[in-house]
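Presented below is the structure to which this report refers.
Keep in mind it's a predicted model, so treat the numbers as computed, not measured. We number each residue from 1, following the sequence as shown.
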Amino acid sequence: MSSKIFTSESVTEGHPDKVCDQISDAILDDLLCKDTESRVACEVLTSTGLVLVAGEISTDCYSDIPSVVRKTLGEIGYTNPEYGLDYQDCSVLISVHEQSANISVGVTETEDREQGAGDQGLMFGYASNETDVLMPLPITLAHRLSEKLAAVRKEGILPWTRPDGKSQVSVLYEDNKPVRVEKVVIAIQHDHGVPNEKIHKEIEQEVILPICEDWLHDGTEFLINSTGIFEKGGPEADTGLTGRKIIVDTYGGTGRHGGGAFSGKDPSKVDRSATYMARHIAKNLVAAGLAERCEIQFAYSIGEANPVSLNVNSFGTGSIQDEDLEKIIRDNFPLKPREIIDYLDLKNPIYQPTAAYGHFGREPKSGIVEWKENGEVHSSEHNFFTWEKTDKAESLKR
């Protein structure tokens, strides 16, 4: 019997990098509400008292970017000047220009040319049957711990907590099956003067046990705020950047990563849309029982519609050969950028919820999106996390 310990981490929505991801996607959503053809590559940097928005945007509408930034910061919880970044009085700087015409030529669909990929690159999707959401257990537990850290703050259960925080989970595997959690690491920003004993006790009782209890054993170690004090956090302590948590966003280090980030990119960018499609395909193959674990790789060339390569790896767990899985994929799933966008319904304001706690392993759902345009409030209903549906599983079984 082989054994190993594998570790994944997550961060809260108040972590500086995740603040930037959420602002980038909030701006993208605001533009897509008004113009579904918007082309967006929006990057954000944040430091003490500062949010800088930069990038390329081509659209027929107007976005009040400073208002979007402040609204997002307020929703996250940066509502106190003591946190080093306050939604009401922070500086918001903007440096945005249009998308390069050289890129647009290859991406924009015309009568004579179908829509091509927005860039070259490689993308991976992964699924595993070790959890109910068909994700690796370490990243699943880590995300749920980070979500719980935010929940106990926002619900007033642990009012001494602040927005910034991290989680990390180490899982023992035997013969590639998760057996138990060996270590849980939590770092949570807190108010001044909160005793360590109080932090340890309440985080264990209110955060760790409700999430991890089924996987713990007598020897599981909890490492909570190991430096002893975590009063200064958020952008005041650590500059944040969009796209710097790509492993947190995907599979926690399980499988491989193509290197492209997601947030702030409209779906013409295959970094985002093709990676979502790769996850959808891998998840449906696992849900259909065609493999216990599955990794899909796409590669694209800028301006070209068809992927330049497709690779399937079931790690020896497939019920049929990987070559046959590849044929099933080509016969049953769209792989061109425009087809992927239509199939997953991606030209909608559905992205801000993806920007914290992972883009995968989430429940597909519908919801109402509201936005302001010309001084009036508008709303529409949209489907979120469509790539997490397993609606192809039954047909794939047949």
Side-chain angles (χ1 to χ4, degrees), residues 7-23 44-51 69-92 141-170 181 183-213 216 220-241 244-245 248 355-357:
T7 301
S8 295
E9 73 158 349
S10 178
V11 298
T12 66
E13 63 204 63
H15 184 280
D17 295 329
K18 277 288 139 209
V19 169
C20 293
D21 286 341
Q22 290 167 92
I23 292 172
V44 174
L45 176 148
T46 183
S47 186
T48 305
L50 170 69
V51 175
V69 170
R70 297 185 192 283
K71 180 175 182 288
T72 306
L73 290 174
E75 291 171 347
I76 293 169
Y78 281 99
T79 57
N80 188 333
E82 289 185 12
Y83 299 167
L85 184 70
D86 177 47
Y87 79 111
Q88 290 184 311
D89 59 11
C90 66
S91 296
V92 179
L141 292 177
H143 280 323
R144 290 175 179 169
L145 286 168
S146 292
E147 284 183 292
K148 193 68 171 176
L149 287 171
V152 297
R153 170 176 58 88
K154 291 183 171 182
E155 295 168 12
I157 297 171
L158 301 182
W160 49 266
T161 60
R162 292 184 175 185
D164 195 2
K166 285 186 172 184
S167 65
Q168 187 170 284
V169 180
S170 301
V181 169
K183 287 184 173 64
V184 177
V185 180
I186 297 289
I188 183 64
Q189 186 186 8
H190 58 84
D191 289 343
H192 176 70
V194 183
N196 275 335
E197 297 78 9
K198 178 181 176 67
I199 293 173
H200 282 237
K201 179 181 178 181
E202 294 189 0
I203 290 295
E204 181 177 334
Q205 292 297 319
E206 299 293 342
V207 177
I208 297 175
L209 292 181
I211 300 300
C212 300
E213 190 167 22
L216 303 178
T220 302
E221 187 176 1
F222 301 151
L223 302 171
I224 302 169
N225 281 16
S226 298
T227 61
I229 300 175
F230 187 6
E231 292 177 2
K232 181 178 286 190
E236 182 181 24
D238 181 15
T239 299
L241 292 169
R244 200 158 59 177
K245 285 290 178 282
V248 170
Y357 313 119

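- Among residues two or more places apart in sequence or in another chain, the side-chain hydrogen bond (donor to acceptor under 3.5 Å, both in side chains) test is passed with Ser167 by Ser146.
- Two residues are said to be in side-chain contact when any heavy atoms from C-beta on lie closer than 4.5 Å; Tyr78 and Pro235 meet this criterion.
- Among Arg144, Lys166, Lys245, His143, the one residue that satisfies the side-chain hydrogen bond (donor to acceptor under 3.5 Å, both in side chains) test with Ser10 is His143.
- Exactly one of Glu231, Glu82, His190 qualifies for a side-chain hydrogen bond (donor to acceptor under 3.5 Å, both in side chains) with Arg162. That residue is Glu82.
- Going from atom CG of Leu241 over to atom CG of Leu45 covers 5.0 Å, rounded to the nearest 0.5 Å.
- Other residues, nucleotides and ligands contribute only 12 or fewer heavy atoms inside 6.0 Å of the NZ atom of Lys201.
- For the residue pair Tyr83 and Glu236, no side-chain donor N or O sits within less than 3.5 Å of a side-chain acceptor on the partner.
- By the 4.5 Å heavy-atom criterion applied to side chains, Leu158 and Ile203 are counted as neighbours.
- No side-chain donor-acceptor contact under 3.5 Å links Lys18 to the backbone of Asp164.
- Residues Thr72 and Val19 form no side-chain contact, since every pair of their non-hydrogen atoms from C-beta on lies 4.5 Å or further apart.
- Each of Leu145, Thr7, Ile208 was evaluated against Val169; a single residue qualifies, Leu145, per the side chain to side chain contact (heavy atoms under 4.5 Å, CB included) test.
- Side chain of Gln22 to main chain of Glu13: a donor-acceptor pair is present (N/O by atom type, distance under 3.5 Å, no hydrogens or angles).
- Under a 3.5 Å cut-off, the side chain of Thr46 and the backbone N or O of Gly240 do not form any donor-acceptor pair.
- The shortest distance between side-chain heavy atoms of Val51 and Leu73 falls below 4.5 Å.
- Here the side chain of Asn225 pairs no donor or acceptor atom with the backbone of His200 at under 3.5 angstrom.
- The distance from atom CG of Asp21 to atom CZ of Arg244, rounded to the nearest 0.5 Å, is 10.0 Å.
- Within the model, atoms CD of Glu147 and OH of Tyr357 stand 6.5 Å from one another, a figure rounded to the nearest 0.5 Å.
- Rounded to the nearest 0.5 Å, atoms CD1 (Ile224) and CD1 (Ile199) are 9.0 Å apart.
- By the neighbour-count criterion of 12 heavy atoms within 6.0 Å, atom CD1 of Ile229 is sparsely surrounded, having that number or fewer from other residues, nucleotides or ligands.
- The structure places CG of Asp86 at 7.0 Å from CG of Asn80, a figure rounded to the nearest 0.5 Å.
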